[in-house]
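A short worksheet on the structure shown next.
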Amino acid sequence: MSGCADAARVLSPYGHGWVVCHAPLSSLRRGAISYDSSDQTALYIRMLGDVRVRSQVGFEPERRGSHPYLGVDFRTLHSRAESAGSIPARRIRRLFSFQRHLLSSRLLRGAPHLNPLHILDEDYCGQAKCMLEKVGSWNFDIFLFDRLTNGNSLVFLTFHLLNQYGLIELFQLDMVKVRRFLVLVQEDYHNQNPYHNAVHAADVTQAMHCYLREPKLAQSLTSFDILLGLLAAATHDLDHPGVNQPFLIKTNHYLAALYRNTSVLENHHWRSAVGLLRETDLFSHLPAEDSLSIERQLGSLILATDISRQNDYLSRFRTHLDENDLCLGHSTHRHFVLQMALKCADICNPCRPWELSKQWSEKVTEEFFHQGDIEKKHKLEISPLCDSEANTIASVQIGFMTYVVEPLFAEWARFSDTRLSQTMLGHLGLNKASWSAMEPEVSGSSEEGESESARATEEPSSRALSQGSQES
Ligand SMILES: [Zn+2]
């Protein structure tokens, strides 16, 4: 089942007759970040805004894709994954479908128990259940959990957390609706995306849980904040197409026109989540203003994950910490901290233990390079970091860690100076060293090494800028 049509219904108030909104040619601004060519961090983030999400570009048949000048049917671009092991892949999908059917039919028979793992208990074993006992561990292996739950990690993990925090009871949520909502959310992630799929959403939700338990947050957050934080984490990349915003813009995708080239993906994730909330009537028992408030705040959290706005959030965070004026008794400050927590959760891969971190790095780079391959094939300009001949996993990771992850987590550790923060910074340092050992020419600490690194990031940035100009 796809939530796309529902998302489209929700989106319909934006009207017909899509008009691409062009930014002034003279502007050096896209999203909320200014490009100052002397600011290497801003340039790198700008680049990531271009390239953060690459993948096997897939627009489902029912999804409205529009690539008029390319004349490409993007549905066929998935053929690689299909041909690589089509029969087993199809069988696995059928099995998953069966699991979903089983899940839905049991739910429809109206047999929800308070134990969120009752289906797992029957069909599988205690292993997944055992793992959930340590769901607050930073070493939690989401890949293993996903295998143990037969590809249903997002549903089981999120349900478990909602239950564990007592949110289902407190907000009098209908268990059948909660499950249906989570199953629909999980299904609306594209499992053919190497990175931006439901396992990433589950991983971000698990990280969010770890942050919510940190003393400063645990002492001040309300149950409403926790509910929002978990829902935002689970839905923050909903229906991600596996390509980035500039790709959607340059191929004239309707979403780019709909959201006027601004936080295109994040707006879509948010509106898709709202579509599913409304479809499942999850909060229909609450007063209208409360459910609208949930939708609005969910949007504010998801929109904060737009990496092109990283510097805005980071400088606001830094200012608050410098002035020591974060007062978590104020709902606006708590909301800001939730935004920062979600941003950290979203890019925490390099702060995980190497064995987990390495897998994420490989997956995200696979998405990057796949987009580059498509751009190459269709004679489009290859987006920064997407050219597999000019980049390596190590070079991409080292730049990402240096210019995006380290600055964010350094501030987070100032805010929440705990063992977890130190653990994350420790893994970050070790992981960067491991990638550096594989890519000495990019990561050397010598002046020569630094200039190499600068060139490695500058060159594609220039391309990104010129690409931005063409688009504007
Ligand atoms: Zn994400």
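Just so it is clear, the values below take in all heavy atoms, side chains as well, and ignore hydrogens, waters and symmetry mates. This one's a predicted model, so the numbers in the text were calculated from it and none came from an experiment.
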Exercise. Judged by modelled atom types alone, do Asn152 and Gln186 share a side-chain donor-acceptor pair under 3.5 Å?
Worked result: yes
Note, Val404 side chain near Phe409 side chain (heavy atom, < 4.5 Å):
no
All heavy atoms of Ser421 vs all of Glu214, minimum pair found to be OG-OE2, 4.1 Å
Practice task
I would like to know whether Val337 and Arg334 meet side chain to side chain contact (heavy atoms under 4.5 Å, CB included); could you show each step before the answer?
Solution key: CA-CA 5 Å; Val337 166; Arg334 286 201 309 277; 5.7 Å; no
Looking only at heavy atoms, the pair that brings Val135 and Leu157 closest together is CG2-CD1, 3.6 Å
* To do: Begin from the C-alpha positions of Trp138 and Tyr211 and carry the test ring pair (Phe, Tyr, Trp, His ring centres under 6.0 Å) through to its verdict.
  => CA-CA 10 Å; Trp138 191 245; Tyr211 301 152; 5.8 Å; yes
Exercise for the section: Answer yes or no: is there a side-chain heavy-atom contact under 4.5 Å between Cys327 and His330? Expected result: yes
Glu295 side chain near Phe283 side chain, heavy-atom distance below 4.5 Å: no
Nearest heavy-atom approach of His190 to Asn197 is O-CB, 3.4 Å
Measure centre to centre between the rings of His269 and His240, then say whether the value is under 6.0 Å. yes
- Message: Distance alone, cut at 3.5 Å: any donor-acceptor contact between the side chains of Asp306 and Ser263?
- Response: yes
Any donor-acceptor pair under 3.5 Å linking the side-chain atoms of Ser300 with those of His335? yes
Tell me whether His285 at atom NE2 has more than 12 heavy atoms from other residues, nucleotides or ligands lying less than 6.0 Å away. yes
- Query: Judged by modelled atom types alone, do Glu375 and Ser383 share a side-chain donor-acceptor pair under 3.5 Å?
  - Reply: yes
- Message: With no hydrogens and no angle check, just 3.5 Å: does a side-chain donor-acceptor pair link His209 and Tyr165?
- Response: yes
When rounded to the nearest 0.5 Å, the distance separating CD of Gln339 from CD1 of Ile302 is 11.5 Å
Go through it in stages, so that I can follow the logic: the residues are Leu167 and Leu230, the test is side chain to side chain contact (heavy atoms under 4.5 Å, CB included), and I'd like the CA-CA distance, side-chain angles, deciding distance and then a yes or no. CA-CA 10 Å; Leu167 299 169; Leu230 293 175; 4.0 Å; yes
Note to self: Test side chain to side chain contact (heavy atoms under 4.5 Å, CB included) on Leu408 and Tyr313; report intermediate values, then the result.
What the structure shows: CA-CA 9 Å; Leu408 178 63; Tyr313 283 92; over 6 Å; no
Practice prompt. Taking the six-membered ring for Trp and the single ring otherwise, decide whether the centroids of Trp412 and Phe415 are under 6.0 Å apart.
Written response: yes
| field | Main-chain N/O of Ala304 paired to Lys343 side chain as donor or acceptor, under 3.5 Å | value | yes
- Any Asp174 side-chain heavy atom under 4.5 Å of Arg180 side chain: no
Leu154 and Ala198 have their tightest heavy-atom pair at CB-O, 3.9 Å
Dump the intermediate steps for side chain to side chain contact (heavy atoms under 4.5 Å, CB included) on Ile374 and Phe247, then the final yes or no. CA-CA 10 Å; Ile374 294 163; Phe247 189 93; 4.2 Å; yes
Note: Asn139 and His427 closest approach over all heavy atoms is OD1-NE2, 4.4 Å
Give a yes-or-no answer on whether the side chains of Asp346 and His200 include a donor-acceptor pair shorter than 3.5 Å.
yes
For the residue pair Thr222 and Asp225, confirm or rule out a side-chain donor-acceptor distance under 3.5 Å.
yes
Flag if over 12 foreign heavy atoms under 6.0 Å of CD, Gln172 = no
Discussion item. Is any side-chain heavy atom of Trp360 closer than 4.5 Å to one of Phe143?
Written reply: yes
### Query
Would you say the side-chain atoms of Asp417 and Gln422 include a donor-acceptor pair closer than 3.5 Å?
yes
Checklist entry - Is there a side-chain contact between Leu338 and Met208, using heavy atoms and a 4.5 Å cut-off? => result yes
Checklist entry - Are Lys363 and Glu366 ion-paired here, with the side-chain N under 4.0 Å from a carboxylate O? => result no
Checklist entry - Under 4.0 Å between a Lys/Arg side-chain N and an Asp/Glu carboxylate O for Asp203 and Arg352? => result yes
- State whether Lys129 and Glu133 are salt-bridged, where the test is any N-O pair (Lys NZ or Arg NE/NH1/NH2 against Asp/Glu carboxylate O) under 4.0 Å. no
query = Would you find a donor on one side and an acceptor on the other, under 3.5 Å apart, between the side chain of Ser357 and the backbone of Pro353?
reply = no
Arg296 and Ser293, any side-chain heavy atoms less than 4.5 Å apart
yes
For Ala218 and Arg213 the tightest heavy-atom approach is CB-O, 3.9 Å
task: State, with a plain yes or no, whether a side-chain heavy atom of Cys348 is found less than 4.5 Å away from one of Val405.
output: no
The side-chain contact (heavy atoms from CB on, under 4.5 Å) partner of Leu276 among Val183, Leu184, Thr235 is Leu184
Worksheet item: Looking at the rings of Tyr259 and Trp270, which for Trp means the six-membered one, are their centres under 6.0 Å apart?
Response: no
